[in-house]
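First comes the structure, then the notes that go with it.
All figures in this text were calculated on a predicted structure; none of them were measured in a lab.
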Amino acid sequence: MIPNVMICPYDFPLMEKDMRPYIPNVSFGDSGEVKMKRFGTFWFKTGSNNELDAPVLKTLVLVATRALCDEELLLNYRLSNSKRRLDWYTPVNEEEDRRRWS
């Protein structure tokens, strides 16, 4: 099956109150020592060189690669070809995977 979504990084602006219902509350990334600052119910990294930057929540979002209507979302997981693949996984582009993982 051909994927119909892709992953894109997106910074949710925390200053926009209308966006709050759409902002996920799951953290990801490095959990090492990081300077954090609280903004409402959110914690975000600090240390920007530009103090005028509005606080943002760094996230990943799924973006449709074409118009979708009442169908399953399909993502190319791009799993490594150097390990045994799961039974359910079928590579989308074997040549691209070879280039990516070699």
Side-chain angles (χ1 to χ4, degrees):
M1 291 198 220
I2 303 298
N4 56 17
V5 296
M6 58 189 276
I7 294 177
C8 294
Y10 182 77
D11 295 344
F12 277 99
L14 296 178
M15 299 298 283
E16 294 182 32
K17 301 283 187 225
D18 295 339
M19 291 294 290
R20 177 61 183 102
Y22 305 105
I23 301 175
N25 243 359
V26 178
S27 298
F28 70 94
D30 185 10
S31 60
E33 288 291 319
V34 177
K35 289 183 182 178
M36 301 294 284
K37 187 173 181 181
R38 186 181 176 120
F39 183 83
T41 59
F42 296 103
W43 289 89
F44 60 96
K45 292 181 184 181
T46 61
S48 170
N49 293 337
N50 183 357
E51 290 301 321
L52 299 176
D53 288 343
V56 295
L57 180 64
K58 295 194 170 296
T59 65
L60 296 175
V61 296
L62 295 178
V63 176
T65 57
R66 60 177 174 78
L68 302 175
C69 181
D70 203 23
E71 57 189 286
E72 184 177 357
L73 301 182
L74 303 170
L75 173 70
N76 183 358
Y77 287 90
R78 293 186 170 110
L79 297 181
S80 171
N81 60 3
S82 65
K83 299 187 189 277
R84 187 179 151 295
R85 292 182 171 143
L86 302 169
D87 293 337
W88 58 264
Y89 182 74
T90 302
V92 174
N93 185 328
E94 294 265 12
E95 186 178 319
E96 178 188 338
D97 289 349
R98 271 193 295 279
R99 284 193 312 268
R100 179 186 192 96
W101 297 109
S102 58

Should Tyr89 and Val5 be counted in the same cluster of Ile, Leu, Val, Met, Phe, Trp and Tyr side chains packed under 4.5 Å apart? yes

More than 12 heavy atoms of other residues, nucleotides or ligands under 6.0 Å from CG of Leu86: is that the case? yes

To the nearest 0.5 Å, what is the distance between CG on Leu62 and CG on Leu73? 6.5 Å

If you define the side chain from C-beta out and look only at heavy atoms, does anything of Asn93 sit under 4.5 Å from Asn76? no

May I ask you to decide if Glu94's main-chain N or O and Glu96's side chain share a donor-acceptor pair within less than 3.5 Å? no

With the side chain counted from C-beta on, respond yes when Asp97 and Arg85 share a heavy-atom pair under 4.5 Å apart, and no when they do not. yes

Quick one: closest heavy-atom pair of Met6 and Leu75, and the distance? CA-CD1, 4.1 Å

I need the full list of ring pair (Phe, Tyr, Trp, His ring centres under 6.0 Å) pairs touching residues 61-88, with sequence neighbours left out, sorted by first then second residue. Tyr77-Trp88

Connected via hydrophobic side-chain network under 4.5 Å: Leu79 and Leu60: yes

What pair of heavy atoms forms the shortest contact from Thr65 to Pro3, and how long is it? OG1-O, 3.8 Å

Flag side-chain contact, heavy atom, 4.5 Å: Val61 against Thr59: yes

Remaining members of Leu74's ILVMFWY cluster at a side-chain heavy-atom cut-off under 4.5 Å? Met1

Under 4.5 Å between side-chain heavy atoms, hopping through other hydrophobics if needed: is there a path connecting Leu68 to Ile7? yes

Kindly write out the residues that satisfy salt bridge (charged side-chain N to carboxylate O under 4.0 Å, His left out) with Glu72, not counting sequence neighbours, or none if the list is empty. none

